[in-house]
There are 2 protein chains.
Amino acid sequence: MSLSHILLGLLREPSTGYDLKAVLSDRIRHFWSAEISQIYPALKRLEQRRLLQSRVEPSPKGPNRKIYMLTEEGREELLDWLRGGPVIGTERFAYLAQVYFMDALGDFRETRAFMISVRDHFSRVLAHLQAIECEVTDTAGHMPECYSDADFHRFVTLRMGILSVKSKVVWCDETIESIDRRLAGGPLDNKPNISLAQPTHRQALEAREDCSG
Amino acid sequence: MSLSHILLGLLREPSTGYDLKAVLSDRIRHFWSAEISQIYPALKRLEQRRLLQSRVEPSPKGPNRKIYMLTEEGREELLDWLRGGPVIGTERFAYLAQVYFMDALGDFRETRAFMISVRDHFSRVLAHLQAIECEVTDTAGHMPECYSDADFHRFVTLRMGILSVKSKVVWCDETIESIDRRLAGGPLDNKPNISLAQPTHRQALEAREDCSG
DNA sequence: TAGGCCATGTAATGTGTTACATGATTAG
DNA sequence: CTAATCATGTAACACATTACATGGCCTA
């Protein structure tokens, strides 16, 4: 139920569904996303649960605006969520699944091209996040310790985005280099197919002491 | 549609729904997960689409086993997916959303405790992945360039898991240190609330040249 | 006048989780 | 005797994406 809570969090300042979508696309993008068509019914449900209330105002441009704001119950719900400890869900990376099975193509140059295009994507995302970081440190300084409470928390999530995307670019580089070493070694086919397929996590855990000890 | 494709990938070796679930929990966990109740209908749909076929065999233990295997069409579909370029979806991190709004609690010690518990989680995940890595390099050597094709691709996704989780631990440390510096500076309230809230991505992008140039 | 932005939504479909239902075998 | 593991599934619900529907205003 995280989208609901994100909407509650954003609605500490009254806003409309349309504007919330813009904020999500602008500043929340690196850790959450939602389509506008998902936001409208979510807001309606929150109002039915009395966590939000709304009023309608005419717009200078276009149709009437429906402005939502937090109720006291809404604020309580938000605080409960924040105090409830970290919500850590499963991460899903389809492109990793693709890599996992890509031996089926039987050609490392395909994997290489794939990795180049992944790297390309993430280095673009990285540049984007760093541009925002740069804009922030320019305005607010280089010591997040000194930011306002709100700015500090926002900045820290941006840092996470940067570190996490950086690690992906590093991974791409590492992998591409490894493929290149492999391709340079010439097409020596029929490498032995030991290990990796069989052992379970439990076995790996047991084997750990032999290894790092 | 990634779960279907993951099932196709795994079913290059015939298997049952039950066993596929075990593999998912064991070796795929760091980039995908699925409940068994999702797997059974997914397999059924794939069979209806003629990408899989099944036969039933008695089990030494418990009820009959339904063994699925890839059809030629299934293999085609798998290869198409692999050749279709990286599928990069939106990442969703509920705990980052929590941090983003945590200024609402008005107490950095709460954020600190939260971060400690996030760090704790990810350092456990990291230890787990490193144990597997260790088990692999022990068996198959330290040069992934020399692994079999299948092992190479599997190993590389494991590396991604390790790098990505590591970056999260680093982020936690960075953030906790920053909070500590802040708390050490004493409870100087009422910091100015400039920046960060207003500028859009587009503005940040425009501002970039001023900054990194 | 064509296309984009403002602003609201619904409907259909797809994906994922939780709970429920069944029943045999085996290890403690 | 009890609990776990083996092995299958269904049903209800929650969450997300895509497509569709409407219509005024503004800019090129």
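Residue numbers begin at 1 in each chain, while the letters A, B, ... track the order of the sequences. Just so you know, these numbers come straight off a predicted model, no measurement behind them.
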Between atom [atom1] in [X] and atom [atom2] in [N], what is the gap in whole Å?
{"X": "B:Leu46", "N": "C:dG14", "atom1": "CG", "atom2": "P", "answer": "13 Å"}
{"X": "B:Ile36", "N": "C:dT22", "atom1": "CD1", "atom2": "C1'", "answer": "15 Å"}
{"X": "A:Gln38", "N": "C:dG16", "atom1": "CD", "atom2": "C1'", "answer": "14 Å"}

Minimum heavy-atom separation for A:Phe152 and B:Thr175, please, with both atom names.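 Heavy atoms of A:Phe152 and B:Thr175 come nearest at CZ-O, 4.5 Å.
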Between B:Gln53 and B:Thr71, a side-chain donor and acceptor under 3.5 Å: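 No, no side-chain donor-acceptor contact under 3.5 Å.
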Validation row, ring centre B:Phe108 to ring centre A:His153 under 6.0 Å: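 B:Phe108 vs A:His153: aromatic centres under 6.0 Å.
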Does the gap between the ring centers of A:Tyr95 and A:Phe122 come in under 6.0 Å?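 That pair passes the under 6.0 Å test.
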Below 4.0 angstrom, N of the basic side chain to O of the carboxylate: do [X] and [Y] qualify?
{"X": "A:Arg182", "Y": "A:Glu177", "value": "no"}
{"X": "A:Asp19", "Y": "A:Arg65", "value": "yes"}
{"X": "A:Arg112", "Y": "A:Asp107", "value": "no"}

Please confirm whether the shortest side-chain N or O distance from A:Ser59 to OP1 or OP2 of C:dC6 is below 4.0 Å.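 No, no such contact exists.
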At the 4.0 Å heavy-atom cut-off to chain B, mark where contacts on DNA chain D begin and end, going 5' to 3'.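 Span of nucleotides near chain B: D:dT5 to D:dT17.
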Short of 4.0 Å, heavy atom to strand atom, which residues of residues 6-24 of chain A count as contacting DNA chain C?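 Contacting residues: A:Thr16, A:Gly17, A:Tyr18.
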Both A:Ser37 and A:Ser2 contact DNA chain D. Which one's nearest nucleotide lies toward the 5' end?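 The residue whose closest nucleotide sits nearer the 5' end is A:Ser2.
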Upstream residue (5' side of DNA chain D) when A:Leu3 and A:Lys61 are each assigned their closest nucleotide: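 Of the two residues, A:Leu3 wins.
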Quick one: ring pair (Phe, Tyr, Trp, His ring centres under 6.0 Å) pairs with a partner in residues 62-81 of chain A, sequence neighbours left out?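 Matches after skipping sequence neighbours: A:His5-A:Trp81.
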Have a look at the helix from C:dT1-D:dA28 to C:dG28-D:dC1 and give the angle its two end axes make, five pairs each, rounded to 10 degrees.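 Helix axis angle between the two ends: 30°.
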Could you pull out all residues at least two apart from A:Glu72 that satisfy salt bridge (Lys or Arg N to Asp or Glu O under 4.0 Å)?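 Listed in chain order: nothing, the list is empty.
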Which residues pass the salt bridge (Lys or Arg N to Asp or Glu O under 4.0 Å) test with A:Glu77, sequence neighbours left out?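 By the salt bridge (Lys or Arg N to Asp or Glu O under 4.0 Å) rule, A:Glu77 matches no residue at all.
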Over all strands shown, is A:Arg92 touching base, sugar-phosphate only, or nothing at heavy-atom distances under 4.0 angstrom?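 Contact class for A:Arg92: sugar-phosphate only.
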Qualifying residue for ring-ring contact (aromatic ring centres under 6.0 Å, His included) with B:Phe31, from A:Phe101, A:Phe93, A:Tyr100: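 Only one option passes, and that is A:Tyr100.
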5' precedence on DNA chain C between B:Glu35 and B:Pro63 (nearest-nucleotide basis):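 Here B:Glu35 is the residue nearer the 5' end.
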